[in-house]
Amino acid sequence: MTVVEDRPVTAEPPPPRRVNPVWALLRNSWRQLTSMRTALILLFLLAVAAVPGSIFPQRSVNRENVAEYFTAHPKLAPALDRFFAFDVYSSPWFAAIYLLLFTSLIGCVLPRLRDHIRALRTVPPEAPKRMDRLPQHAAGLVGPEGPAETAESIARTLRRKWFRTRVRELPDGGWAVSAEKGFLKETGNLIFHIAMLSVLVGVGFGHWYGWHGNRLLVGGDDQGFCNAITQYDDSALGPQLDASDLPNFCMKLTDFEATYQSTGQPKSFNATVAVSQDDGPAEIRSFTVNDPLRLKHANVHLLGQGYAPELKYTDRYGISQTKVVPFLPVDGMLTSEGVAQFADVNIDPKTNNRDEKLQVGFEGVFLPTGDTDGSARSQFPALNNPVLYLTAYRGDLGLDVGIPGSVYALDRDQIDSGALKKLGGDRPYALKQGEKLTLDDGTTLEFVGVREFATLSIRYDPTQFLLLIGSVLGLAGLMLSLAVHRRRVWFRVLPAAGGTAGSSVIEAGGLPRTDYPGFGDEFQTLTADFKARRNEEGTP
């Protein structure tokens, strides 16, 4: 008979569960994206991506500069434009970095915020058994009272120094005090990242719902403007806005005061305007360079100033036209260049027909303080001796072909082709205020006077206050994270040897949670009172 020995049957472990590779890829990608290292890399990439926006002219800022760049670099500009070099901040690659940084910061902040709240609610840990292994250690300290009273006294002292404390009774009849300090470091770190998120949100919404426009405003009641896209020299609206969303206001430059130092350096600028909002009565308001004019949903910034000569042209039929023509400054002394174009002149009153070959243009330089030696540079930016040097042209100005061009220069193609011919010799005509120039066909140009103009930047950012708060909080959070240091200290209080009543023996230890060179001095300060008592009492 065969005896079969019963043996326990051991169940084999189940095979390891295979992780879905797609889920593993997504999980690992999310972990990498939400790491602090990735956030720092993306922040660096965002700064690098913004560099082309400062190198190349941007369409959202000045379309004329972009057009000039295309003219100057006809082969390079189209290639750069394919990579959004002239629309950097609205390009897909800039938006991708921006959104990835935003996502990374959210993924970094939320888990850390949850952990920080949990840490704030957690009591300080128990004292380690071997405190002599801690970076800071002090043994043989003497307390003047019993263990319970000494432990409570130590806890009160630590609380006054902003430590979070916990007093525990030990099984051997002693007491332990655990204390922790420096949670504001992580609080400041989180505030900094949350502030950065608010700045990113503010920049994004400010781009979507903000707008800006630049306007050269000449003084005088006949030179005002109302807030409309067509009346700006250049402008840009946010993607979520259209022209009907602009606030309703009108403005006229009534006065402009500028003072200068003896060297010609500007000392102060002050613009006075008559502004009416929402079809209300006009108000007289003043503003300066660092103090913008604040309107409802708009801020008006003063960027610069210049001069606009007032010229009166009388054609061969005795009909006069007067134009106020801004001349753009080219140096610090406000030497300015510009043109005056008279296209609708020399019209035969009998036939009412205009001969395009009889259009007249004047190109030249304006000097607010001209020199007696005929120098082409102004000697001072104030209107001490205004002089106007002009070169006259007659012919087709090229204004009727429908091609946009600069209003501050004549069409060079018309001059090169001979359609616009230069009058007089090589030397330009010099005119002082009140003087008159007579051309070869009997027509005249009179230098009537000079008006001042102000260059204004009018803009609205609905998230400006959010950006300010975010910047202030970010700076405060950064200061907290750099100045505060996390550390822990423990005190173990035991009854004195021999059962001496009314005294106790203390052992202390300290551990810095971050790099903190001053922790040793702080620990010595916390234990100094007990060391002094030990020396006084001669306790070993």
Side-chain angles (χ1 to χ4, degrees), residues 36-37 40 108 111-145 147 149-170 174-193 473-494 504-537 539-540:
M36 185 55 63
R37 180 177 62 180
L40 293 175
C108 289
R112 291 180 61 181
L113 180 61
R114 179 191 58 203
D115 295 340
H116 185 54
I117 294 175
R118 185 184 296 118
L120 290 175
R121 300 174 60 183
T122 304
V123 298
E126 296 182 1
K129 295 181 179 180
R130 297 289 303 274
M131 284 200 290
D132 57 335
R133 295 183 177 180
L134 296 175
Q136 298 295 328
H137 178 252
L141 307 179
V142 175
E145 300 175 317
E149 293 80 3
T150 302
E152 187 60 34
S153 176
I154 292 173
R156 285 196 301 268
T157 301
L158 293 174
R159 292 190 193 103
R160 287 196 294 266
K161 297 181 181 295
W162 301 97
F163 277 89
R164 295 174 57 217
T165 62
R166 180 68 180 266
V167 181
R168 296 180 176 93
E169 186 176 3
L170 301 177
W175 291 79
V177 180
S178 304
E180 193 169 7
K181 186 178 181 179
F183 285 94
L184 285 179
K185 182 178 184 67
E186 181 65 11
T187 302
N189 207 334
L190 289 171
I191 289 175
F192 173 76
H193 287 87
L473 287 179
L475 181 60
L478 183 62
M479 293 175 63
L480 279 177
S481 64
L482 295 177
V484 178
H485 303 278
R486 185 97 175 266
R487 60 270 198 199
R488 289 174 178 171
V489 293
W490 294 274
F491 290 83
R492 183 180 291 120
V493 186
L494 300 174
S504 56
V505 177
I506 306 170
E507 183 183 12
L511 174 66
R513 299 293 303 276
T514 57
D515 187 15
Y516 180 24
F519 179 65
D521 296 334
E522 183 181 10
F523 183 80
Q524 295 297 326
T525 302
L526 292 175
T527 59
D529 291 343
F530 305 103
K531 288 182 179 179
R533 290 170 186 153
R534 179 187 63 182
N535 295 333
E536 291 174 359
E537 299 176 13
T539 303

Indicate the atoms forming the closest heavy-atom contact of L184 with L480, along with that distance. O-CB, 4.0 Å
T165: partners by side chain to side chain donor-acceptor pair (under 3.5 Å), with sequence neighbours left out: R159
Straight-line distance of L113 CG to N189 CG, nearest 0.5 Å: 12.0 Å
Please find the pair of heavy atoms, one from F163 and one from L526, that lie closest to each other, and give the distance. CZ-CD1, 4.3 Å
Between V505 and G140, which heavy-atom pair has the shortest distance, and what is it? CG1-CA, 4.5 Å
For R112, which residues count as a salt bridge (Lys or Arg N to Asp or Glu O under 4.0 Å) partner, sequence neighbours excluded? E186
Say whether, by atom type as modelled, one donor and one acceptor occur between the side chain of R487 and the main chain of H485 under 3.5 angstrom. yes
Checking K185 side chain against R486 main chain: does a donor-acceptor pair fall under 3.5 Å? no
Go through L190 and H116 one step at a time and tell me if the side chain to side chain contact (heavy atoms under 4.5 Å, CB included) criterion holds. CA-CA 9 Å; L190 289 171; H116 185 54; 3.7 Å; yes
With a 3.5 Å distance limit and no angle check, can you tell me whether T150 reaches the backbone of P147 through a side-chain donor-acceptor pair? no
Work out which heavy atom in L120 is nearest to a heavy atom in R164; give both atom names and the distance. O-NH2, 3.1 Å
The complete set of side chain to side chain donor-acceptor pair (under 3.5 Å) pairs with one or both residues in residues 133-144, sequence neighbours excluded, reads H137-E507
Run the salt bridge (Lys or Arg N to Asp or Glu O under 4.0 Å) test against R488 and tell me which residues pass, sequence neighbours left out. E180
With sequence neighbours excluded, what pairs up with H193 under the ring-ring contact (aromatic ring centres under 6.0 Å, His included) test? none
Return the CG to CZ distance between L473 and F192, rounded to the nearest 0.5 Å. 12.0 Å
Just distance, no hydrogens or angles: give the donor-acceptor pairs under 3.5 Å from side chains in residues 122-130, sequence neighbours left out.
from	atom 1	to	atom 2	distance (Å)
T122	OG1	R118	O	2.7
R130	NE	D132	OD1	3.2
R130	NH2	D132	OD2	3.2

For L475, all residues meeting side chain to side chain contact (heavy atoms under 4.5 Å, CB included), sequence neighbours excluded: M479
Can you tell me how far the CD atom of Q524 sits from the OG1 atom of T527, to the nearest 0.5 Å? 5.0 Å
Non-neighbouring partners of A176 that pass side chain to side chain contact (heavy atoms under 4.5 Å, CB included), sequence neighbours left out: L170
Give the minimum heavy-atom separation between A155 and V167, together with the two atoms involved. CB-CG2, 3.7 Å
Could I get the full list of ring-ring contact (aromatic ring centres under 6.0 Å, His included) partners for F183, not counting sequence neighbours? none
Reported OG-to-CD1 distance for the pair S504 and I154, which is rounded to 0.5 angstrom: 7.5 Å
Checking the side chain of K181 only, and the main-chain atoms of V489 only, is there a donor and an acceptor separated by less than 3.5 Å? no
Mind checking what makes side chain to side chain contact (heavy atoms under 4.5 Å, CB included) contact with E169, not counting sequence neighbours? W175
